[in-house]
Q: 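Quick one: the structure is below, questions incoming.
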Amino acid sequence: MNQTTNAILMIRPVAFRMNEQTAVNNYYQKVLDGLSPETVNAKAQQEFDTFVQKLRLVGVDVSVVDDTLDPNTPDSIFPNNWISFHETGDVVLYPMFAENRRAERREDVLDLLEDRGFVVNDIMDYTSAEEDNIFLEGTGSLLLDRQNGKAYCALSPRADEELMIEFCEDFEYTPVIFEAFQTVNGERKLIYHTNVMMCIGDTFAVICADCIDDKKERKMVLDSLRSDEKDIILITEDQVNNFAGNMLEVKGSDGKRYLVMSSSAYQVLTKKQIAQIEQHVTILHSSLDTIEACGGGSARCMMAEVFLPKR
């Protein structure tokens, strides 16, 4: 299994805004005062287009799908939460916490990928769990170490332990389960998605170990990464608040590896951290200020990796 892919799916927003349904447990979202919804969406589209352009310039194969105005899906720009694609040709559909995010699931996305030569063999659909208020939000909740067959998961209202274990059994991953926290108004609250506080590359892992309050759990996660010979790059909670954990390694056209992040994430990294990352990959960053502020998600959330085989 490859850890990184050259192909990604991205959804271009048409009515991007702060989603009040996700803000209840995504503490990274903010209301941008004084900006009309049209202005917010126009800024998000501009950030999106620049980001796609930068990825394509280094040879990343980006499939862009335009969102539709109906149904109203303010978070459609983050497709990695509802779908994942696997080397076996399997596609997985996930149960989503926010009701208005469930409408993001679109069959025509699969049609588009098939038109582009990707092979879909089977669809594994966990979405019926929504009826029981059980959620597992794709590669937001599940950090897959595809090479080593491990799935890391920070439990939260959006990541159910039993369903996560069921996924691991179905796809033959070893579960690595823990809780990760952030400080909100002086209180420790669960971080809503695992991919906000850690990222797993081919030969390295970026992680905020300080988010894992339980010392045994913290040691278990770090030991697991070390046992797979990952170079561990530690980041701080303050850096997590600037989306420094929300990164994704991708391959360019020449097989060169890039670590993709937002400019706000890049700007909070220290020279030492950047040097450590650059021993493994080339950094690619793009400004996503509006998307991060309103959406509470960043570069990694915007990219659904396509590992499907090609015809």
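Throughout, numbering of the chain's residues begins at 1 and tracks the sequence.
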Q: Under a single-linkage definition using a 4.5 Å side-chain heavy-atom cutoff for Ile, Leu, Val, Met, Phe, Trp and Tyr, are I235 and V268 assigned to the same hydrophobic cluster?
A: no
Q: Check the hydrophobic clustering (I, L, V, M, F, W, Y; side-chain heavy atoms under 4.5 Å; chains of links allowed) and say if M247 and V306 are grouped together.
A: no
Q: At their closest point, which heavy atom of Q3 faces which heavy atom of I200, and how far apart are they?
A: NE2-O, 3.2 Å
Q: Quick one: closest heavy-atom pair of C294 and V40, and the distance?
A: SG-CG1, 3.8 Å
Q: For the pair F171 and H86, name the ring-plane relationship: parallel under 30°, tilted 30 to 60°, perpendicular over 60°.
A: parallel
Q: Take D213 and R218, measure what salt bridge (charged side-chain N to carboxylate O under 4.0 Å, His left out) needs, and give me the verdict at the end.
A: CA-CA 7 Å; D213 289 358; R218 187 186 315 154; 5.5 Å; no
Q: Would you call S63 and L112 a side-chain contact if the rule is heavy atoms closer than 4.5 Å?
A: yes
Q: So, does T139 use its side chain to make a donor-acceptor pair with the main chain of L142 at under 3.5 Å?
A: no
Q: For a quick check under 3.5 Å, do N242 and S264 share a side-chain donor-acceptor pair by atom type?
A: no
Q: Is it possible for you to say whether M164 and F178 belong to one hydrophobic cluster, with membership spreading through side-chain heavy-atom contacts below 4.5 Å?
A: no
Q: Quick check: do I212 and K219 have side-chain heavy atoms less than 4.5 Å from each other?
A: no
Q: Walk me through whether I11 and F78 qualify under side-chain contact (heavy atoms from CB on, under 4.5 Å).
A: CA-CA 7 Å; I11 309 285; F78 305 130; over 6 Å; no
Q: Using modelled atom types and a 3.5 Å cut-off, is there a donor and acceptor pairing between side-chain atoms of D132 and backbone atoms of I134?
A: no
Q: Search all heavy atoms of N246 against all heavy atoms of A299 and return the closest pair with its distance.
A: OD1-N, 3.4 Å
Q: For L93 and I123, what are the C-alpha separation, side-chain angles and deciding distance, and is it a side-chain contact (heavy atoms from CB on, under 4.5 Å)?
A: CA-CA 7 Å; L93 302 177; I123 296 175; 3.9 Å; yes
Q: For D145 and N148, indicate whether the former's side chain and the latter's backbone hold a donor-acceptor pair under 3.5 Å.
A: yes
Q: Under a single-linkage definition using a 4.5 Å side-chain heavy-atom cutoff for Ile, Leu, Val, Met, Phe, Trp and Tyr, are V176 and F167 assigned to the same hydrophobic cluster?
A: no
Q: Do D231 and H280 meet the criterion of a side-chain donor-acceptor pair at a distance under 3.5 Å?
A: yes
Q: Spell out, yes or no, whether V250 and L288 are grouped together once hydrophobic residues are joined by side-chain heavy atoms under 4.5 Å, including indirect joins.
A: yes
Q: Could E179 and R188 be called an ion pair, given the rule that one side-chain N must be under 4.0 Å from one carboxylate O?
A: no
Q: When you compare the side chain of Y152 with that of M198, does any pair of heavy atoms fall below 4.5 Å?
A: yes
Q: With a 3.5 Å cut-off and no angle check, do the side chains of K150 and S224 form a donor-acceptor pair?
A: yes
Q: Could you tell me the separation between the CD1 atom of I77 and the CD atom of Q45, rounded to the nearest 0.5 Å?
A: 9.0 Å
Q: Using 0.5 Å steps for rounding, measure from the OG atom of S141 to the CZ atom of R158.
A: 8.0 Å
Q: What's the separation between atom CH2 in W82 and atom CZ in R106, rounded to the nearest 0.5 Å?
A: 7.5 Å
Q: For T290 and E47, what are the C-alpha separation, side-chain angles and deciding distance, and is it a side chain to side chain donor-acceptor pair (under 3.5 Å)?
A: CA-CA 8 Å; T290 309; E47 290 171 4; 2.8 Å; yes
Q: Report yes if the side chains of I233 and V206 come closer than 4.5 Å at any heavy-atom pair, otherwise no.
A: yes
Q: Sub-3.5 Å donor-acceptor pair from the side chain of D214 to the main-chain atoms of K216, do we have one?
A: yes
Q: Between K230 and D202, does any side-chain N to carboxylate O distance fall below 4.0 Å?
A: no
Q: Indicate whether the side chain of T88 and that of D90 have a donor and an acceptor atom separated by less than 3.5 Å.
A: yes
Q: Strictly distance-based, threshold 3.5 Å: is any side-chain N or O of Q276 a donor or acceptor partner for the main-chain N or O of K271?
A: no
Q: Check whether any side-chain N or O of K251 sits under 3.5 Å from a backbone N or O of A7 as a donor-acceptor pair, and report yes or no.
A: no
Q: Determine whether the side chains of E131 and S128 contain a donor N or O and an acceptor N or O closer than 3.5 Å.
A: no
Q: Going by atom types alone, do Y126 and D170 pair a side-chain donor with an acceptor below 3.5 Å?
A: yes
Q: Under 3.5 Å, is there a donor-acceptor pair linking the side chains of E292 and S262?
A: yes
Q: Report yes or no: does E137 contribute a side-chain atom to a donor-acceptor pair with the main-chain N or O of F97 at less than 3.5 Å?
A: yes
Q: Please step through salt bridge (charged side-chain N to carboxylate O under 4.0 Å, His left out) for the pair E130 and R101, ending with a clear verdict.
A: CA-CA 12 Å; E130 287 167 352; R101 292 210 62 189; over 6 Å; no
Q: For the CZ atom of F307 and the CZ atom of R146, what is their distance to the nearest 0.5 Å?
A: 4.0 Å
Q: Nearest heavy-atom pair of G245 and C199: which atoms, and what distance?
A: O-CB, 3.7 Å
Q: Hey, could you give me the CG/SG distance between L144 and C153, rounded to the nearest 0.5 Å?
A: 10.0 Å
Q: What I'd like to find out is whether the side chain of F48 reaches to under 4.5 Å of the side chain of P13, using heavy atoms alone.
A: yes
Q: With no hydrogens and no angle check, is any side-chain donor or acceptor of T127 less than 3.5 Å from a backbone partner on Y94?
A: no
Q: Can you name the residues that form a side-chain hydrogen bond (donor to acceptor under 3.5 Å, both in side chains) with T73, not counting sequence neighbours?
A: D67
Q: Could you tell me which non-hydrogen atom of M302 sits nearest to which non-hydrogen atom of M10, and how far apart they are?
A: O-CG, 3.4 Å
Q: Between D49 and R12, does a salt bridge (charged side-chain N to carboxylate O under 4.0 Å, His left out) hold up when you go through it step by step?
A: CA-CA 8 Å; D49 292 341; R12 189 174 191 268; 2.7 Å; yes
Q: Looking at T5, I8, V91, which one forms a side chain to side chain contact (heavy atoms under 4.5 Å, CB included) with F85?
A: V91
Q: Cation over ring, K310 on F118, under 6.0 Å and within 45°?
A: yes
Q: With heavy-atom distances below 4.5 Å as the criterion, would you say the side chains of D160 and E162 are in contact?
A: yes
Q: For N2 and Q147, does a side-chain donor sit closer than 3.5 Å to a side-chain acceptor?
A: no
Q: Quick check: closest heavy atoms across P309 and E87, and the distance to 0.1 Å?
A: CD-O, 3.4 Å
Q: Let me see the working for L248 and N80 under side-chain contact (heavy atoms from CB on, under 4.5 Å), right down to the final yes or no.
A: CA-CA 12 Å; L248 181 68; N80 79 308; over 6 Å; no
Q: Judged by atom type as modelled, is there a donor-acceptor pair below 3.5 Å linking the side chain of R311 to the main-chain atoms of E114?
A: yes
Q: Within this structure, what is the SG-CD1 distance for the pair C168 and I177, rounded to the nearest 0.5 Å?
A: 6.5 Å
Q: Can you check side-chain contact (heavy atoms from CB on, under 4.5 Å) on L55 and Y258, steps first, answer last?
A: CA-CA 9 Å; L55 289 165; Y258 294 88; over 6 Å; no
Q: Side chain of R300, backbone of M303: donor and acceptor closer than 3.5 Å?
A: yes
Q: With sequence neighbours left out, what residues match R257 under side-chain hydrogen bond (donor to acceptor under 3.5 Å, both in side chains)?
A: T203, E249
